[in-house]
Every structure is written in structure tokens, then in C-alpha cells.
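What follows is a short report on a single structure.
The sequence lines fix the lettering, A, B, ..., with proteins before strands; numbering per chain opens at 1.
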Protein chains: 2
Amino acid sequence: MAPQQDRPRGGRRRASHSMESVLTEAVALLDEAGEPALTFRALAQRLGGGVASIYWYVASKDELLDRATDHVIGAALADIEALPSHDDPIDDLRAMAVSLFDAIMERPWLGAYFMRNTDVQGNALRLYEKLGQQTLRLDLTARQRFHAVSAVVGVVVGSAIDLGQEPPQEVLDGAVGRDEFLGRYAQAWRELDPADFPFVHEIVDEFDGHDDIEQFRSALELTLAGLRLQAGA
Amino acid sequence: MAPQQDRPRGGRRRASHSMESVLTEAVALLDEAGEPALTFRALAQRLGGGVASIYWYVASKDELLDRATDHVIGAALADIEALPSHDDPIDDLRAMAVSLFDAIMERPWLGAYFMRNTDVQGNALRLYEKLGQQTLRLDLTARQRFHAVSAVVGVVVGSAIDLGQEPPQEVLDGAVGRDEFLGRYAQAWRELDPADFPFVHEIVDEFDGHDDIEQFRSALELTLAGLRLQAGA
DNA sequence: GCATCGTATCGAACGTTGTTCTATCGTAGC
DNA sequence: GCTACGATAGAACAACGTTCGATACGATGC
């Protein structure tokens, strides 16, 4: 038997990364199975390199998540900047909010990390700026503008987190459809005492098989209606 | 030298827990330093018992988090149910939303776990019911009522997550005050190009030293105004 | 009194994670 | 050819969630 070689004859290739490739693969892992799937070991394997190499690009997992978040916010921002402009600034605000909501819905993990990342040089600031520029076209005070933008972002991210949470394993597996999943809750609610839960009984049919996007749209319309009222338009 | 005894003379007392004590201590740990502080080992030490004992009460950390969340939502619900009633259902909705917001602000970790816990037998359902009952007093369709409640909850939780995120370590330590912390961002923003960031410059003075609660209140008012408009009152 | 059974507890161990340490490779500049 | 430095990597560490097997405690049946 030939003696084992410490190094294979061909010599194992050293991997060569880049900030771009690290973030791209990190996002890919997050997209596939959420935050628990993003481990340094899984990421290193994807990159074909060692675990410690990643630490040359980021100082910690927190920073990796921050940079990955900013990375995809950049893409969402590009979508928003490509949007056509309307006469009515509130129509623009709505279009931007919907676009942002769609981006977060495609990446359920994004919502949770969206907020804690208001870094000054980040894309989040540019996003705020883009939304805020629409409020400059409305007859509002500076304070009202400040509050309006955070209200719109709050509705988007609040809804996205609420609606985009990972469904239980059985739905992800495809073993149980989303409608059936909702239906179970609906059924349980129908069996509650109507005297104790009049509201739940009132809306259970609406809940059963409801559309997430419509729910968000509705919340957004309430905020925009309030804003329009405030602007006196 | 006396021979070592395997068991100390007095016999080490076995700890005796209860679901209540486990949840209470778990919440105490969460309150002190957020989710990372809640480890099974730290919790066991608090309870004066072993690590594995906790698994008799909960099957996993996820379940522990869920039960702890439901535990404090129960307290928040009690506060809300103790609220005096107004003639105007929207005033009631506002009071409830503010009360809920306050409860979440006192526990920054709560916001993140609030959503993923719409268990049927949970306090979250009772909370939805309580909010929803106010919409029954408004002239709305069932679908509008359903959307109204999720909009209000979305504003509350969205704002709470946004505003309640743990500030960086230096602020927690008290080394840097909150105002100074905000001021740094404000200063950095003031140095941006006004041509590229007109909105940021417009609101930077509002942001500097702003009050979180007022920001939430403002977002809530927009939604409630939209709701009032929808109800035609 | 004694065996029995289900409840409740505990220490030790396992596998995985983020992170650090130390050593090494490869290339640009001299 | 040598050096300096940017970049990579394997091995080790501490901490975490979780599991396992053993064991104490109290009530129950005889």
C-alpha cells in the first residue's frame, strides 16, 4: 500500500473569495432556509474554503447579517428608484411601499433584520430619503414628514414580519397547504363561545383563506388616507 | 482527614419548580439582557436546579420562548381589560394600542416574539378579540374590521420593534446618553450632500433628540384617522 | 412495613455553533 | 531570490440546546 500523502498529489486548491461572493452566498443560504441555515461552516463549504477565511471579510456573524441585509436592501432600493413617478406624491408613496413590501415578502428573514440596520452609510438611509422626498411634495411640517415616513415604513415592516413569518414545517414541506393551515385555525376559532369571542366569529370567514397582500394593502391605505387628511389635500 | 462523602452531610436539597416559577424566571432573564441571556444553564442556576429539569416543563427553547411571551401578553391583556371605556370606540382603540405599546417598550425582546405566537388558546387571541370588539361598534364590513385590527396591531408592533431595538452597548452601559447617541447620527446626516439628501436635511433637527413615543403616537393617529374616515363617522 | 409506579429531578455527555489561534500560501515590490 | 503583506485554512475552545440514564420522592396497593 502506498504511503498516505499528507497533501494530495495535485495539491488542494486554495479558494479565492471576495466580499461580493461572500454576501451573495450568505443571502442564498438565508433565502433557502432562513437565519438558522446561515452558519459559518455551511457558508465556507459553499465558498469552497475554510471557516476562518470568512472572518477576514466580516468581524462577526452580526456584521455578516448586517452586510447581507444591506446588500438586499440595495436591490430593493434599485427597484424603487426604477419606479415611474406619479402626479400625486401619495401614489408614489404607495407604489414604493408596495415594492418594498414585495421585496421583504420574498425574503421572510429580511423583515427581522431590516430595522436594526440604520447605518449612516447604508442603503436603508437612501431608502428613507427616497420615501421622504415624496413627503416634501406634501403640505406638511418637518415633524409631520419625519413621522409620516416612519409610519409608512412601520406599516410595511410590521405587516411583512407579521405575515411573512415562517409557517410551521408541515407547510414548508408542502404536506399541508396554506389554505388548509389557515382552515385549521378558523375551525378552532369557530368552536369558541360566540358570547366570549364575538369579534373572532365576525371575522373568521374573512380570515379563512384570506390574502396576505390584501391585508397589508388595507393597512397601508389607512395610513395613507390619514396622511392625505393631514396634508389637507 | 475525614473521608470525603459523596453526598454532603446535609444532603443537597433537590429543587422543586413549577411552570409558574420557570416562566417568571425566564421572563426575568429576558428583561435583564434580552434573548441571548436566556440560556437553559442560566435559568437552571436561577431556579437552583439542574439543566435537564427544565425540559420536564417545556420541550424546547422555542416552546419556552412561546410560553414566556404568552405569559407577559397575559399581563398586558389584563392592563388593557382594566382600561376605562369611552363613548367613541376609536378612543378605546387608541387607549388599548397605547397600553400595548407601553407594555412592549418595557420589554424590548417582546416585540420580536409577539407575532409568531397566534396560538389558538393563547392570550394573543384574547387580545385580538378585545381590540376587535371596538371595531364592532364602528360601521364597517367584516373584512374591514378584520383588516383594521391587524393594521392597528401592525402599527403597534412595527413601531415597537423599530423603536425598541436594543441600543448599542455603550448606551446600555450608560457611558453614552441616548441624546448623544441620536446626536451622532444627526451630525453624520448633516454632513451629507443636501442635493442628494434633501429629505434627511429637512428632518434631521426633528430626529435629533426626538421622542420615540410621540413617533409611535403619530403613526397610530394616521391609521386611526384613516379608520374613522372609512367608518364614515 | 414494603414493593411499585409515575412524577420530578439531576449530572454528564453529545453534536453544533460562533470565534480565536497559529501557521501557511501566493504574489507584488525590491 | 528575498521580503512583506494580503489572504487562506485547520485545529482548538467555550458556550449553547438537547438527550440519556440514573435516581430521588410521594402516593398507592397489599
Side-chain angles (χ1 to χ4, degrees), chain A residues 4-27 29-30 32-69 109 112-113 116 166 169, chain B residues 4-27 29-30 32-69 109 112-113 116 166 169:
Chain A
Q4 283 198 344
Q5 314 245 146
D6 279 339
R7 305 193 151 275
R9 201 171 285 269
R12 192 170 297 136
R13 273 284 187 73
R14 309 189 106 223
S16 165
H17 313 321
S18 73
M19 190 79 244
E20 254 295 308
S21 66
V22 169
L23 292 185
T24 302
E25 291 303 322
V27 169
L29 280 169
L30 287 168
E32 281 170 29
E35 197 242 308
L38 177 56
T39 70
F40 277 66
R41 286 167 178 83
L43 182 53
Q45 194 168 8
R46 284 236 179 181
L47 294 166
V51 185
S53 304
I54 305 171
Y55 279 88
W56 194 87
Y57 294 94
V58 295
S60 68
K61 183 165 185 182
D62 267 345
E63 187 184 322
L64 177 59
L65 279 170
D66 281 348
R67 292 193 116 103
T69 302
W109 56 272
Y113 297 101
R116 66 170 223 189
E166 314 256 340
Q169 202 56 36
Chain B
Q4 283 200 342
Q5 315 245 143
D6 276 341
R7 307 195 148 272
R9 204 171 283 272
R12 193 170 297 137
R13 274 283 187 74
R14 309 189 105 220
S16 166
H17 314 320
S18 71
M19 190 79 243
E20 255 294 309
S21 66
V22 169
L23 292 186
T24 302
E25 291 303 321
V27 169
L29 280 170
L30 288 168
E32 281 171 30
E35 197 242 309
L38 177 57
T39 70
F40 277 67
R41 288 168 175 85
L43 182 54
Q45 193 167 7
R46 283 236 178 181
L47 294 165
V51 185
S53 305
I54 305 170
Y55 280 88
W56 193 87
Y57 294 95
V58 296
S60 68
K61 183 166 186 182
D62 267 345
E63 188 183 321
L64 177 60
L65 249 359
D66 281 348
R67 291 193 116 103
T69 302
W109 55 272
Y113 297 102
R116 66 171 222 187
E166 315 256 341
Q169 201 57 37

Scan Ala15(A) against the nucleic acid and name what it touches under 4.0 Å (heavy atoms): base, sugar-phosphate only, or nothing.
-> sugar-phosphate
Ser53(B) vs dC10(C): side-chain N/O to OP1/OP2 distance below 4.0 Å = yes
Given atom CZ of Phe40(A) and atom C1' of dT16(C), what is their separation to the nearest angstrom?
-> 14 Å
Send over the distance from Trp56(A) CH2 to dC5(D) C1', rounded to a whole Å.
-> 11 Å
Could you tell me the separation between the NZ atom of Lys61(A) and the P atom of dT20(C), rounded to a whole number of Å?
-> 15 Å
Given the options Leu23(A), Val27(A), Asp62(A), Arg67(A) meets side-chain contact (heavy atoms from CB on, under 4.5 Å) only with Leu23(A)
Arg14(A) CZ - dC25(C) C1' separation (whole Å) = 4 Å
Euclidean distance, atom OH of residue Tyr55(B) to atom P of dT9(C) [Å, nearest integer] | 16 Å
Select one nucleotide: of dT9(C), dC16(D), dG18(C), the one nearest the side-chain heavy atoms of Thr39(B).
-> dC16(D)
Does the side chain of His17(A) get closer than 4.0 angstrom to OP1 or OP2 of dG6(D) through an N or O atom?
-> no
Reckon Leu38(A) touches a base, only the sugar-phosphate, or nothing at all at heavy-atom distances under 4.0 Å?
-> sugar-phosphate
Could you check whether the rings of His17(A) and Tyr57(A) sit parallel, tilted or perpendicular, using 30° and 60° as the cut-offs?
-> tilted
For the side chain of Tyr57(B), counting heavy atoms from C-beta on, which of dT24(C), dG17(D), dT9(C) is nearest?
-> dT9(C)
For the atom pair NZ (Lys61(A)) and OH (Tyr55(A)), what is the distance rounded to the nearest 0.5 Å?
-> 9.0 Å
Taking CD1 from Ile54(A) and P from dT17(C), how many angstroms apart are they, rounded to a whole number?
-> 12 Å
How many angstroms lie between atom CG of Leu30(A) and atom CG of Leu38(A), to the nearest 0.5 angstrom?
-> 4.5 Å
Using atom CG of Asp62(A) as one end and atom C1' of dT17(C) as the other, report the distance to the nearest whole Å.
-> 14 Å
Gly50(B) and Ala44(B): which non-hydrogen atoms are nearest, and at how many Å?
-> O-CB, 3.4 Å
Let me know the distance between CG of Leu47(A) and C1' of dA7(D), rounded to the nearest Å.
-> 14 Å
Count the heavy atoms belonging to other residues, nucleotides or ligands that lie under 6.0 Å from CD of Gln45(A), then report whether that count exceeds 12.
-> no
Check the interface with nucleotides 11-13 of chain D: list each N/O to N/O pair with the protein under 3.5 Å, or write none.
none

Side-chain heavy atoms of Trp109(A) within contact of Thr69(A), under 4.5 Å | yes
